[in-house]
Engineer: 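Got a structure for you, questions after.
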Amino acid sequence: MFSKSILNWYNENKRDLPWRNKPEAYFVWLSEIMLQQTRVAQGLPYYLRFVEEFPTVHDLAEASQEKVLKLWQGLGYYSRARNLHDTAKVVSVNFGGIFPNNYKDLKKLKGVGDYTASAIASIVYHEPVAVVDGNVYRVLSRFFGVETPINSTEGVKQFKALATKMLAEKSPGLYNQAIMEFGALHCKPKNPQCVTCPVQSNCIAFQQNKAGELPVKLKKQKVRERFFNFLVFQDVKGQMLLQKRVEKDIWQHLYQFPLIESKHNLTLAEIKKTALLDNEKKVLQSIKRWNENPIKHVLSHQKIWAIFWCVEVKKLPENIQNTQQIVNKQELVKFAVPVLMEKFINSKNG
DNA sequence: AACACGGGGGC
DNA sequence: GCCCCAGTGTT
C-alpha cells in the first residue's frame with residue numbers, strides 16, 4: 001500500500017533536520033514559514049540563526065522589526081518575516097507563548113495558510129490533516145496519473161481530497177513529512193528515480209512513461225521590466241543617505257539608496273537635469289556611473305535593470321524625509337537591504 | 001480567479 | 001533561459 005511504502009522509504013532515507021528531533025510548535029512553525037517556496041538547503045542556515053537568536057517565541061516577539069528583517073535578509077518574500085513577527089507577538093502576548101493546538105485555530109494566524117496549518121497540526125498535535133505542497137502535487141499527480149492543472153481551482157480541491165484520502169491516519173505528521181521528503185529527494189521534478197522507486201509497480205506515470213509531463217501546471221505569468229537608478233550619495237566624511245521602502249511594492253520595509261525609477265535607465269545628463277535638487281547641485285563634487293551596463297536582477301514577476309550612480313557631495317542635505325537616514329559607511333551592514341543592494345555594497349568594500 | 005511577492009539552484 | 005522550491009495574502 002502507498003502510505004506504508006512511503007513511510008518505510010522515509011525511515012531509511014530521511015534527512016537529519018533540526019526541527020524534526022522533538023517536534024515543538026514554535027520550531028515547527030518557524031521552519032514551515034521559512035520553507036514556504038524555499039528549498040531546505042537555502043532555508044536551513046536562516047533557521048539555525050533564528051533559533052540561536054530567538055530561542056523562544058517571546059524572544060522573537062520582543063525583537064525589533066529591523067532585527068528580524070536583517071536576519072531574514074536574502075531569504076526573499078519579506079512579508080513572511082513581517083507576518084512571522086506579528087504572529088510571534090500575538091502568541092507571546094495574547095496566548096502566553098502557547099500556539100493554537102489545532103488546524104482551525106492555527107490557520108487564523110498571519111502567514112499561516114492551509115499548508116502550514118496542516119503541517120503544524122499534524123506534526124506537533126497528530127491531527128489527521130493532509131499537507132499539499134509542491135512535492136505532494138508532483139507525487140500524487142504522477143502516481144495517479146492526474147492531469148488536472150495543479151494551480152486551477154479544481155486541481156487544488158482535487159489534490160487536497162486525494163491527499164486526505166491517502167493520509168496515514170495513525171501517524172499523519174510522519175506521513176506528511178514522508179511524502180514531502182519523497183517528492184524532494186526521489187520523485188523529483190527532473191530526473192525522478194523511477195528505477196528504484198518503492199511504489200513504481202502501481203504508479204501510472206511510470207507505467208505510461210509520462211513522469212516528465214506531470215504535474216500539469218497552467219501557463220506562466222508575464223514579467224514586468226523596471227529601470228532603477230540608485231543615487232549613492234557620499235559626503236567627505238564618508239556618510240551616506242539611506243531610505244526605507246515604505247510603499248506597497250517589492251522589498252517593503254527594507255532599505256535602499258535613494259532611487260529614481262524611470263521608463264528607461266537614465267543617462268548622466270538626465271540624472272543631472274532631473275534627479276538632483278538645486279541644493280544638491282551646489283555641493284556636488286563628482287558624479288560617476290559605477291556600472292557601465294545595467295545590472296539585471298530577476299524576480300519572479302519582474303526584471304530589474306539597475307544602475308548605481310556614485311554621487312560625491314561636500315555635505316548631505318540637512319532636511320531629510322522621515323523615511324531617510326544618514327549613516328556611516330560602516331553602519332550599512334546593520335540594515336536589511338535587497339540582495340541587489342548587498343551585492344553592490346560588498347563589491348565596493350571588497 | 002488571477003496576481004504579487006525573492007532569491008537561488010538544477011538542467 | 002526556464003522551471004521549481006515544505007505557499008500566503010490581496011485584489
Side-chain angles (χ1 to χ4, degrees), chain A residues 10 14-15 17 19-20 27-47 69 72-84 86-87 106-120 122-123 130-139 149-157 159-160 163 173 175-185 187-192 212-224 226 245 247-254 296-304 336-343:
Chain A
Y10 183 64
K14 70 181 171 200
R15 290 167 287 188
L17 298 173
W19 50 86
R20 301 227 256 234
F27 298 113
V28 172
W29 164 73
L30 181 58
S31 70
E32 292 298 345
I33 301 294
M34 286 186 158
L35 294 180
Q36 289 167 4
Q37 292 292 285
T38 305
R39 288 168 199 278
V40 169
Q42 189 187 359
L44 183 53
Y46 287 84
Y47 174 83
L69 281 173
W72 196 275
Q73 177 184 310
L75 197 53
Y77 283 164
Y78 298 95
S79 66
R80 288 186 295 170
R82 288 184 268 115
N83 289 335
L84 179 88
D86 288 348
T87 290
L106 282 162
K107 199 166 176 303
K108 294 175 186 165
L109 302 174
K110 263 193 198 172
V112 176
D114 185 275
Y115 163 79
T116 305
S118 303
I120 301 172
S122 64
I123 295 170
V131 298
V132 185
D133 74 331
N135 295 303
V136 175
Y137 279 121
R138 189 168 54 255
V139 172
I150 60 172
N151 53 345
S152 65
T153 305
E154 178 59 26
V156 170
K157 261 176 56 186
F159 280 98
K160 179 78 182 185
Y175 169 79
N176 277 335
Q177 294 182 81
I179 188 170
M180 290 192 284
E181 190 85 332
F182 180 68
L185 301 183
C187 192
K188 298 179 292 183
K190 300 282 174 61
N191 302 322
E213 297 152 48
L214 292 170
V216 175
K217 201 169 179 178
L218 249 32
K219 69 174 187 295
K220 53 188 185 302
Q221 67 283 34
K222 55 189 180 297
V223 307
R224 176 162 67 118
R226 301 176 74 174
R245 292 182 65 89
E247 65 274 32
K248 193 172 165 62
D249 194 2
I250 55 173
W251 304 328
Q252 193 180 14
H253 294 181
L254 271 61
K296 183 171 71 167
H297 188 75
V298 180
L299 309 180
S300 47
H301 288 68
Q302 304 185 13
K303 188 188 294 178
I304 293 163
V337 299
V339 163
L340 174 60
M341 287 266 305
E342 182 78 359
K343 284 178 178 165

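Order of the sequence lines fixes the chain letters, A, B, ..., with proteins taken first and strands second; residue numbering starts at 1 for each chain. The shown structure was predicted, so the numbers you read here are calculated from the model rather than taken from an experiment.
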Engineer: Separation of A:M180 atom CE from C:dG7 atom C1', in whole Å?
Structural biologist: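 Rounded to the whole Å, the gap is 12 Å.
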Engineer: Please enumerate all residues that pass side-chain contact (heavy atoms from CB on, under 4.5 Å) together with A:A117, with sequence neighbours excluded.
Structural biologist: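 Partners of A:A117 under the side-chain contact (heavy atoms from CB on, under 4.5 Å) test: A:Y103, A:L106, A:K107, A:V112.
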Engineer: Specify the separation, in whole Å, of atom CD1 of A:I304 and atom C1' of B:dG6.
Structural biologist: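 Between C1' of B:dG6 and CD1 of A:I304: 10 Å.
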Engineer: Going from CD1 on A:I120 to CG on A:L109, what distance comes out if it is rounded to the nearest 0.5 angstrom?
Structural biologist: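 The CG atom of A:L109 is 7.5 Å from CD1 of A:I120, to the nearest 0.5 Å.
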Engineer: When you measure from the side chain of A:R224, which nucleotide among B:dC5, B:dG7, C:dC5 comes out closest?
Structural biologist: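 Within the option list, the nearest is B:dC5.
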Engineer: Distance check needed: B:dG6 C1' versus A:M341 CE, whole Å only.
Structural biologist: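 So the CE-C1' distance, A:M341 to B:dG6, works out to 16 Å.
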Engineer: Between A:L84 and A:W72, does a side-chain contact (heavy atoms from CB on, under 4.5 Å) hold up when you go through it step by step?
Structural biologist: CA-CA 11 Å; A:L84 179 88; A:W72 196 275; 4.0 Å; yes
Engineer: Hey, does A:N176 reach any base, or is it just sugar-phosphate, or nothing, if we go heavy atoms under 4.0 Å?
Structural biologist: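 No contact.
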Engineer: Identify, with sequence neighbours excluded, every residue that meets side chain to side chain donor-acceptor pair (under 3.5 Å) alongside A:E213.
Structural biologist: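 A:E213 satisfies side chain to side chain donor-acceptor pair (under 3.5 Å) with no residue once adjacent residues are dropped.
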Engineer: Under the side-chain contact (heavy atoms from CB on, under 4.5 Å) test, which residues partner A:E342, sequence neighbours left out?
Structural biologist: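 Testing A:E342 for side-chain contact (heavy atoms from CB on, under 4.5 Å), a comparison that skips the adjacent residues, returns A:Q73, A:V337, A:N346.
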Engineer: Provide, to the nearest angstrom, the distance between the CG atom belonging to A:N151 and the P atom belonging to B:dC3.
Structural biologist: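 Result: 11 Å.
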Engineer: Can you name the nearest heavy-atom pair linking A:L69 to A:A81, along with the distance?
Structural biologist: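 Smallest heavy-atom distance, with atoms named: CD2-CB, 3.9 Å.
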Engineer: I need the residues from residues 30-40 of chain A with at least one non-hydrogen atom less than 4.0 Å from DNA chain B; give them sorted by number, or say none.
Structural biologist: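 Output list: A:Q37, A:T38, A:R39.
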Engineer: Using a cutoff of under 3.5 Å, can you pull out all pairs of nitrogen or oxygen atoms linking the protein to nucleotides 9-11 of chain C, with atom names and distances?
Structural biologist:
residue: C:dG9; atom: OP1; partner: A:G111; partner atom: N; Å: 2.3

Engineer: Got a sec, which residues hit side chain to side chain donor-acceptor pair (under 3.5 Å) with A:N83, two or more places apart in sequence or on another chain?
Structural biologist: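 If we apply the side chain to side chain donor-acceptor pair (under 3.5 Å) test to A:N83, skipping adjacent residues, there are no hits.
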Engineer: Just to be sure I understand the geometry, which residues of residues 73-80 of chain A put a non-hydrogen atom under 4.0 Å away from DNA chain B?
Structural biologist: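 Under 4.0 Å from DNA chain B: A:G74, A:L75, A:G76, A:Y77, A:Y78, A:R80.
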Engineer: Any side-chain N or O of A:H301 under 4.0 Å from OP1/OP2 of B:dC3?
Structural biologist: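 No, outside the criterion.
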Engineer: Would you kindly give the CD-to-P distance between A:E247 and B:dA4, to the nearest whole Å?
Structural biologist: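 The answer, rounded to whole Å, is 16 Å.
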Engineer: Below 3.5 Å, does any donor atom in the side chain of A:Q42 face an acceptor in the base of B:dG8, or the other way round?
Structural biologist: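 Checked by distance alone, the answer is no.
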Engineer: Before giving the answer on side-chain contact (heavy atoms from CB on, under 4.5 Å), spell out for A:M341 and A:L254 the whole-Å C-alpha distance, their side-chain angles and the decisive distance to 0.1 Å.
Structural biologist: CA-CA 10 Å; A:M341 287 266 305; A:L254 271 61; over 6 Å; no
Engineer: Base, sugar-phosphate, or nothing: which does A:Q252 touch, judged by heavy atoms less than 4.0 Å apart?
Structural biologist: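 Nothing, no heavy atom under 4.0 Å.
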Engineer: Tell me whether A:K110 at atom NZ has more than 12 heavy atoms from other residues, nucleotides or ligands lying less than 6.0 Å away.
Structural biologist: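 No, not enclosed.
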Engineer: On DNA chain C, compare the nucleotides closest to A:D114 and A:K217; which residue's is nearer the 5' end?
Structural biologist: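 Mapping each residue to its closest nucleotide by heavy atoms, the 5'-most match is A:K217.
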Engineer: Between C:dG7 atom P and A:L106 atom CG, what is the distance in whole Å?
Structural biologist: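 For the pair A:L106 CG and C:dG7 P, the rounded distance is 17 Å.
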Engineer: Nearest to the A:Q177 side chain among B:dG6, C:dA6, C:dC4, which nucleotide is it?
Structural biologist: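 When the side chain of A:Q177 is considered, C:dA6 is the closest of B:dG6, C:dA6, C:dC4.
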Engineer: For B:dG8 and C:dT8, measure between their P atoms and round to the nearest Å.
Structural biologist: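 Between the two P atoms, the distance is 22 Å.
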Engineer: Excluding sequence neighbours, so at least two apart, what forms side chain to side chain donor-acceptor pair (under 3.5 Å) with A:T87?
Structural biologist: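 A:T87 satisfies side chain to side chain donor-acceptor pair (under 3.5 Å) with no other residue.
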Engineer: Side-chain donor-acceptor pair under 3.5 Å between A:Q36 and A:Y115, yes or no?
Structural biologist: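 Judged by distance alone, the side chains do not pair up.
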Engineer: Between C:dG7 atom P and A:N135 atom CG, what is the distance in whole Å?
Structural biologist: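 From A:N135 CG to C:dG7 P: 7 Å.
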Engineer: Taking only the side-chain heavy atoms of A:E181 (C-beta and beyond), determine which of B:dG7, C:dA6, B:dC11 contains the nearest atom.
Structural biologist: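 For A:E181, the side-chain atoms sit closest to C:dA6.
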Engineer: Start with the C-alpha gap between A:Y47 and A:L30, add the side-chain angles, then the distance that decides, and say whether side-chain contact (heavy atoms from CB on, under 4.5 Å) holds.
Structural biologist: CA-CA 7 Å; A:Y47 174 83; A:L30 181 58; 4.0 Å; yes
Engineer: For A:E181, which residues count as a side chain to side chain donor-acceptor pair (under 3.5 Å) partner, sequence neighbours excluded?
Structural biologist: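 In terms of side chain to side chain donor-acceptor pair (under 3.5 Å), with neighbours along the sequence ignored, A:E181 is linked to A:R15, A:R20.
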Engineer: Identify, with sequence neighbours excluded, every residue that meets salt bridge (charged side-chain N to carboxylate O under 4.0 Å, His left out) alongside A:R82.
Structural biologist: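 Testing A:R82 for salt bridge (charged side-chain N to carboxylate O under 4.0 Å, His left out), a comparison that skips the adjacent residues, returns none.
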Engineer: With P as the reference atom in both, quote the distance from C:dA6 to B:dC5 in angstrom, rounded to an integer.
Structural biologist: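 Taking atom P in both C:dA6 and B:dC5, they lie 23 Å apart.
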Engineer: Taking the nucleotide of DNA chain B with the nearest heavy atom to each, does A:N191 or A:K343 sit closer to the 5' end?
Structural biologist: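 Counting from the 5' end, the first nearest nucleotide belongs to A:K343.
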Engineer: Please classify the nucleic acid contact of A:R82 as base, sugar-phosphate, or nothing, using heavy-atom distances under 4.0 Å.
Structural biologist: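 Counting heavy atoms under 4.0 Å across all strands, no contact is made by A:R82.
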Engineer: Using a cut-off of 4.0 Å on non-hydrogen atoms, how would the nucleic acid contact of A:W72 be classed: base, sugar-phosphate, or nothing?
Structural biologist: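 Nothing: the residue A:W72, judged by heavy atoms under 4.0 Å, touches no strand.
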Engineer: Using the test salt bridge (charged side-chain N to carboxylate O under 4.0 Å, His left out), find all partners of A:D249 that sit at least two apart in sequence or belong to another chain.
Structural biologist: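 By the salt bridge (charged side-chain N to carboxylate O under 4.0 Å, His left out) rule, A:D249 matches A:R226, A:R245.
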Engineer: For C:dT8, does either OP1 or OP2 sit under 4.0 Å from a side-chain N or O belonging to A:T116?
Structural biologist: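 So the side chain of A:T116 is within the cut-off, an N or O lying under 4.0 Å from OP1 or OP2 of C:dT8.
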Engineer: OH of A:Y46 versus P of C:dA6: gap in Å, rounded?
Structural biologist: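 Rounded to whole Å, this separation is 16 Å.
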Engineer: Could you please name the option among B:dG7, C:dA6, B:dC11 that lies closest to any side-chain atom of A:P338?
Structural biologist: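 Looking only at side-chain atoms, A:P338 lies closest to B:dG7.
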Engineer: Quick check against the 3.5 Å criterion: does A:R224 have a side-chain atom that pairs as donor or acceptor with the backbone of A:H301?
Structural biologist: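 Between the backbone of A:H301 and the side chain of A:R224 there is no qualifying donor-acceptor contact (under 3.5 Å).
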Engineer: Any chance you could encode DNA chain B as dot-bracket? Rule is Watson-Crick or G-U wobble with both distances under 3.5 Å; [ ] for pairs crossing earlier ones, | for another strand.
Structural biologist: |||||.|||||
